Structures are given as structure tokens and as C-alpha cells.
Amino acid sequence: MSKDIIKAEEHSRKIHQRNAPQQITDRIFFIDASNQSLTAIPLEILALKELEEVHLENNQIEEIPPGIQHLKNVRILYLNKNHLSSLCPELGTLSSLEGLDLSYNPILSSSLSVISCLRTLRQLRLYHLDLNEIPVVICKSLHHLELLGLAENHLKFLPKEIVNQTKLREIYLKQNQFEVFPQELCVLYNLEIIDLDENKLNAIPEEIGNLTMLQKFYVASNNLPFLPESLCQCSKMSVMDLSHNLLCSIPKRLAELTEMTEIGLSGNRLEKVPRFICRWPSLHLLYLGNTGLRGLRRSFRRLGNLRFLDLSQNHLDRFPSQLCALRNLEVLALDDNEIRQLPSKLGSLSKLKTLGLTGNEFLCFPEEVFSLESLEKLYLGQDQGSKLTYVPEHIGKLQNLKELYIENNHLEYLPLSLGSMPNLEVLDCRHNLLKQLPDAICQARALKELLLEDNLLTHLSENLDSLVNLKVLTLMDNPMEEPPTGVCAKGIEAIWNHLKENRIKKRKAIKIQAWWRGTMVRKGLGTFEQLKMRKKGKISPKDKKGKKPEKGKPGKGNKK
């Protein structure tokens with residue numbers, strides 16, 4: 001087996017003494033053979049009897065050979081994203097196996113029963129197997145499961161035997177077909193994480209309050225019209241995603257969940273921020289996008305620990321002044337509102353790194369953003385709302401800016417100061433009216449992506465290939481002449497080669513011109529300056545009709 005497939009790692013408790021180096025190569029505990037385009041499990045791996053962790057994910061393996069039984073000490077086996085259609089009986093003999101991942105394989109559900117023999121299993125991942133049901137024998141036999149991953153299947157219910165999983169701490173059921181919340185989960189008192197995103201739930205039972213250990217609860221993208229008040233009994237709850245449901249209100253008793261750090265409410269019909277949310281001092285992330293908001297409560301300024309705030313797709317016609325008090329805010333999304341102006345106190349958000357202002361009603365570029373010295377990402381694309389016609393030169397003040405999105409505007413030119421922004425990596429200028437790029441853009445050496453499609457560009461700066469870090473350059477839907485459209489369509493390498501060839505041709509032309517002028521001077525046909533003047537018709541050549549006659553003296557051949 002090639003050395004780049006096997007990567008050995010010794011556990012610190014089993015490191016051999018230095019005086020026995022010949023034995024070290026025989027004691028391999030960790031193998032990473034993922035992403036190697038393997039069609040079968042190499043026999044060399046099956047011969048390493050000391051193996052404890054094996055990664056074979058993202059290959060093209062079609063079967064598990066009987067030789068897998070030799071890996072008696074293996075604890076972790078990842079075979080996800082392969083071409084397995086069945087499981088061999090020998091897999092069930094791995095008596096030390098604690099973690100098994102078979103996700104994203106075309107495995108027949110009938111062959112999954114062999115998993116029930118793995119009595120020491122603690123983590124089982126069966127994502128995206130097209131399962132309609134879970135083999136009951138798995139739930140009956142495996143009593144030590146702590147994590148069960150069943151997302152991206154076609155499950156409508158869980159077997160009643162799931163109640164045997166008394167040690168279960170995490171269950172992932174995202175993207176299935178559940179219409180009714182699995183009542184059996186409400187007796188698994190050790191559950192800490194439940195993920196039921198993207199199902200068809202229309203209610204959550206009151207018994208959810210029995211799960212006093214529950215910390216993270218994900219039920220986004222369902223059909224929930226209300227929440228049970230018993231959720232307030234889950235006193236350890238810190239993360240709850242209720243986004244994209246049919247909620248018009250949130251039970252007031254949820255204010256008792258004082259350990260909340262993250263809540264998602266986007267895509268509901270709230271119209272107002274629930275009052276009790278402003279009483280959660282430890283809240284770090286708050287999603288309120290597309291909830292019909294027209295303003296914020298005064299008490300919103302109490303959320304001093306907030307780091308991430310999504311207020312996009314609402315009806316805000318002004319920047320809420322309460323936000324200027326959130327000094328720890330790092331990400332603020334205000335996209336697709338009706339804001340026309342930013343406050344002069346915006347600079348108080350000294351830790352802000354990402355600001356989304358796309359799709360608002362700014363009449364001109366909001367220069368207040370230049371006071372945000374920590375800003376790294378700025379979104380000012382206008383797919384809706386009024387269009388910006390210029391970007392001020394003062395944008396160069398944002399020396400920490402890494403990504404600038406100004407697409408879908410009416411920009412005819414870009415500021416020269418973009419070339420003096422040392423950290424700029426992404427510049428999105430698509431769908432504008434740009435006719436040319438400033439040569440100064442060639443100084444923005446950190447650029448990795450330059451998006452210019454659908455503009456009025458005909459030429460590129462001749463030194464644009466000096467942007468050695470540039471990996472993405474888009475020029476579609478431009479009337480390109482230099483480089484020609486055919487060259488641009490071939491990608492960035494073809495464009496770079498064309499620019500280099502043009503520079504070489506230009507240097508040769510300059511050398512030929514200099515040689516010709518030097519030759520003319522050596523032949524005594526005049527100094528360089530004289531030759532230049534003659535070319536412009538300012539000095540008559542000597543070989544034409546001689547010199548002009550002096551005043552008072554007739555020229556040769558003239559009558560007296």
C-alpha cells in the first residue's frame with residue numbers, strides 16, 4: 001500500500017521505548033484512507049490487527065470483505081459515502097466497535113440487522129440510506145447508544161422499542177417525513193439534542209417538558225402553529241431553532257429558560273419581538289429575519305452579549321438606534337428592508353465584522369460604514385431597492401475589509417483606493433455599468449475572487465496578472481475586445497497568458513522603434529528631436545528646395 005494512504009498515529013499510552021524502534025512500525029492504531037478513490041478495502045489494512053480507528057469514507061468501495069473480522073480492536077469505523085449495498089455477517093464480530101458510520105450508501109435495509117450484534121456501539125450514523133423504517137432488532141439489542149443519526153431518510157415514525165435507548169443523548173431526524181412528534185422520545189430522559197428540522201410536524205406534545213436534560217432543540221421548517229408551555233421545564237435549554245414555522249406568538253413562560261444562548265425565529269408571523277427575549281442576558285445569536293418587524297423594543301438594548309443578529313427581510317424603514325448599544329455585535333444582517341440612512345453613531349459597533357445592507361433604499365453610498373474599523377465583510381448589492389452610482393474613495397479606510405459585495409448597482413467606475421486595501425480577497429461587481437477597471441486594482445495583491453460579469457468592459461488592465469492569488473475571474477456578458485471573448489471563455493490561465501504575450505509584443509515593438517531611431521541618428525539624418533519634429537511637419541527637410549532665402553536676397557532661380 002502506498003505511504004500516502006496509511007497514516008499511522010500512536011496513542012500516547014502505547015508509545016514504544018526508543019530502544020525498540022523495530023517494533024514501532026508493527027503497532028499502527030489509526031488509518032486515514034479517505035478520499036483515495038478506493039474500490040475495495042486494501043488487504044494491508046485488514047492485516048493491521050492493532051487498528052483502533054479506520055477512516056475509509058468518500059471512496060468507491062462496493063463491499064466489506066469477511067477479513068474485516070480480523071480488526072478485533074477497532075473502535076471507530078467510517079465507511080460513509082461509498083457504494084456499499086449490503087453488510088457482511090463478519091462485521092457483527094467487531095466486539096470493540098463504538099462508532100460506525102454507514103451514511104450515504106445504497107445499503108438495503110434488510111442487511112442492517114447485522115448491526116444489532118455490535119453490542120458495544122455508542123454512535124451509529126445511518127444518514128441518507130432511503131430508509132422507510134428502522135429495523136426493530138437494532139433498537140432491541142443496542143443498549144449503549146449515545147448518538148443515533150437517521151437524518152435524510154423517509155421515516156414517518158420510530159419503533160416503540162426506541163424506548164430501550166435509555167443512554168441516548170443525541171438523535172438526528174432532520175429531513176424525514178414525521179407528521180407527529182415521536183412520543184417515544186419524551187421518555188428518553190438523558191436526551192440532550194433533538195434535531196427534527198425539515199419534517200411535517202404540526203404539534204409538540206406537552207410531555208416534552210419531561211426532558212429536563214435537553215439542551216438543543218431543532219424543529220425549524222415544520223408546520224408548528226404554537227409551542228407547549230411545558231418547554232419552560234427544560235431548564236438546561238440553550239439552543240432552540242423554531243424558524244420557518246407558523247408561529248404567531250411564543251409562550252411567555254419561556255422567559256424561565258435563562259441559559260438560552262441561541263434562538264431562531266426567522267420566517268414566522270410574529271410582527272413584534274417577544275418581550276421576554278430581551279431578558280436573556282446570555283443570548284449570543286438571534287435570528288429574526290422575515291418576521292414582519294417594523295421596529296424593535298426599547299429593551300432590545302439590554303442584549304449586551306449579542307454577537308449575531310439577523311433582521312433581514314423585514315419592514316424596517318430606519319436603522320434601529322437600539323442596535324448602537326450592542327457593543328459586542330460581530331454580525332448584523334439588515335438586508336432587504338427599507339432603510340435609507342445609517343446613524344452617525346454606527347462606529348460604536350467597534351467589534352462588527354460583517355454588515356449586510358443589500359436591498360435597501362440608500363440614495364447614495366452610506367459613508368457611515370467607514371467608521372467600522374473592524375469590518376471584514378460588507379454587502380451592498382441592490383437586487384431590489386434603489387441603485388448606487390458610485391463608491392467613495394474613502395472606502396480605503398476599511399483596511400481590514402476582506403469581502404466587498406456591490407453587485408446589481410449602476411456603478412460606472414471603481415475607486416482607486418481599492419488598490420490600497422491589503423486584505424481585500426473578494427470583490428463582487430457583477431451586473432453594473434463598469435466600462436473599465438482602475439489600474440490601481442492590480443495593487444490589491446490579496447484578491448482571490450474578482451466577479452465582473454454583466455458589465456460594459458472592453459479591456460482589462462495589462463498588469464492584472466500581477467494578482468498572483470486570484471483564482472476566480474468572471475467576465476461573461478461583457479463586450480470584451482482585449483482579451484477577446486474567446487480567450488476570456490477559456491478561463492483565468494488563458495487570460496493571464498494573453499496578457500503576458502501582449503506585454504512581450506509591446507516590449508519588442510519598443511525595442512524596434514528605439515533601434516530604428518538610433519539608426520537614423522547614426523546615419524546623420526538628424527538628432528532624435530529633429531526627427532520627431534520633422535515627423536510632425538515642423539521642420540522642412542534639407543533635400544527640398546534648399547534653405548529659405550534671407551530677407552532682401554532673392555532665392556536661386558527667382559527674378560530680380
Side-chain angles (χ1 to χ4, degrees), residues 127 147-152 155 169-182 185-186 188 191-205 208-209 211-274 276-280 282-293 303 305-314 330-333 335 356:
Y127 302 132
L147 181 152
L148 179 57
L150 297 168
E152 301 177 53
L155 304 176
R169 296 169 56 193
E170 304 176 31
I171 187 164
Y172 298 91
L173 300 168
K174 179 179 179 179
Q175 291 184 21
N176 275 283
Q177 302 293 322
F178 290 97
E179 296 180 6
V180 178
F181 190 95
L185 296 183
C186 297
L188 300 179
L191 273 177
E192 297 176 2
I193 300 176
I194 298 177
D195 185 353
L196 272 160
D197 281 352
E198 299 180 52
N199 278 277
K200 301 177 181 179
L201 300 178
N202 50 37
I204 296 173
I208 192 76
L211 303 180
T212 55
M213 303 296 288
L214 195 60
Q215 298 176 19
K216 298 180 180 181
F217 188 42
Y218 301 97
V219 285
S221 300
N222 280 281
N223 301 318
L224 300 173
F226 59 88
L227 298 175
E229 289 201 1
S230 60
L231 269 174
C232 68
Q233 298 171 24
C234 305
S235 57
K236 293 189 176 182
M237 186 87 75
S238 61
V239 177
M240 187 158 47
D241 193 355
L242 306 167
S243 301
H244 305 293
N245 276 285
L246 307 176
L247 302 173
C248 295
S249 62
I250 308 294
K252 295 180 181 180
R253 289 197 62 190
L254 293 193
E256 299 174 24
L257 302 177
T258 55
E259 296 187 20
M260 288 293 297
T261 60
E262 177 180 346
I263 185 166
L265 295 169
S266 296
N268 284 288
R269 305 168 180 175
L270 301 179
E271 297 187 356
K272 293 183 179 180
V273 179
F276 64 82
I277 284 181
C278 302
R279 301 175 187 169
W280 286 339
S282 57
L283 200 62
H284 291 163
L285 288 86
L286 175 57
Y287 297 82
L288 286 167
N290 191 22
T291 49
L293 299 181
L303 298 175
N305 290 311
L306 207 59
R307 297 199 307 264
F308 181 105
L309 176 60
D310 181 6
L311 292 170
S312 61
Q313 295 181 290
N314 280 294
E330 296 179 10
V331 178
L332 174 59
D335 308 273

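What you see is a predicted model, and the numbers here were worked out from it, not measured in a lab.
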Under the side-chain contact (heavy atoms from CB on, under 4.5 Å) rule, what do L246 and R269 come out as? Steps first, then yes or no, please.
CA-CA 7 Å; L246 307 176; R269 305 168 180 175; 3.7 Å; yes

side-chain contact (heavy atoms from CB on, under 4.5 Å) between D197 and Q175, intermediate numbers included:
CA-CA 6 Å; D197 281 352; Q175 291 184 21; over 6 Å; no

Please lay out, stage by stage, how F181 and N199 fare under the test side-chain contact (heavy atoms from CB on, under 4.5 Å).
CA-CA 10 Å; F181 190 95; N199 278 277; over 6 Å; no

Given L211 and F217, is the side-chain contact (heavy atoms from CB on, under 4.5 Å) satisfied, shown in steps?
CA-CA 11 Å; L211 303 180; F217 188 42; over 6 Å; no

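Between H284 and N305 there is a side-chain heavy-atom pair separated by less than 4.5 Å. Residues P251 and L231 form no side-chain contact, since every pair of their non-hydrogen atoms from C-beta on lies 4.5 Å or further apart. Annotation: side chain of L254 is in contact with side chain of M240 (closest heavy-atom distance under 4.5 Å). By the 4.5 Å heavy-atom criterion applied to side chains, K200 and Q177 are counted as neighbours. At least one side-chain heavy atom of P182 sits under 4.5 Å from a side-chain heavy atom of L196.
Considering OG1 of T291 and CG of L270, their distance stands at 5.5 Å, rounded to 0.5 Å. One finds the CG atom of D195 at 11.0 Å from the CG atom of L150 (value rounded to the nearest 0.5 Å). Rounded to the nearest 0.5 angstrom, K216 NZ and E192 CD are separated by 9.5 Å. Between M260 atom CE and R279 atom CZ the span is 15.0 Å, to the nearest 0.5 Å. Separation of atoms CG (L303) and CD1 (I277) is listed at 8.5 Å; rounding is to 0.5 Å. To the nearest 0.5 angstrom, L285 atom CG is 10.5 Å from D310 atom CG.
Nearest heavy-atom pair across N268 and L265 is ND2-O, 3.0 Å. Nearest heavy atoms, F276 versus A255: CB-CB, 3.4 Å. Pairing each heavy atom of P228 with each of P205, the nearest pair is CG-O, 3.9 Å.
Residues meeting the side-chain contact (heavy atoms from CB on, under 4.5 Å) test with S221, sequence neighbours left out: E198, H244. Scored by the ring-ring contact (aromatic ring centres under 6.0 Å, His included) test, F308 finds Y287 as partners (sequence neighbours excluded).
S282 places no side-chain N or O within 3.5 Å of a backbone atom of T261 that could act as its donor or acceptor partner. Formation of a donor-acceptor pair under 3.5 Å by the S266 side chain with backbone atoms of G289 is found in this model. For the pair N176 (side chain) and F178 (backbone), a donor-acceptor distance under 3.5 Å is absent.
Residue N245 forms a side chain to side chain contact (heavy atoms under 4.5 Å, CB included) with just one option from L227, L201, N202, N222, and that option is N222.
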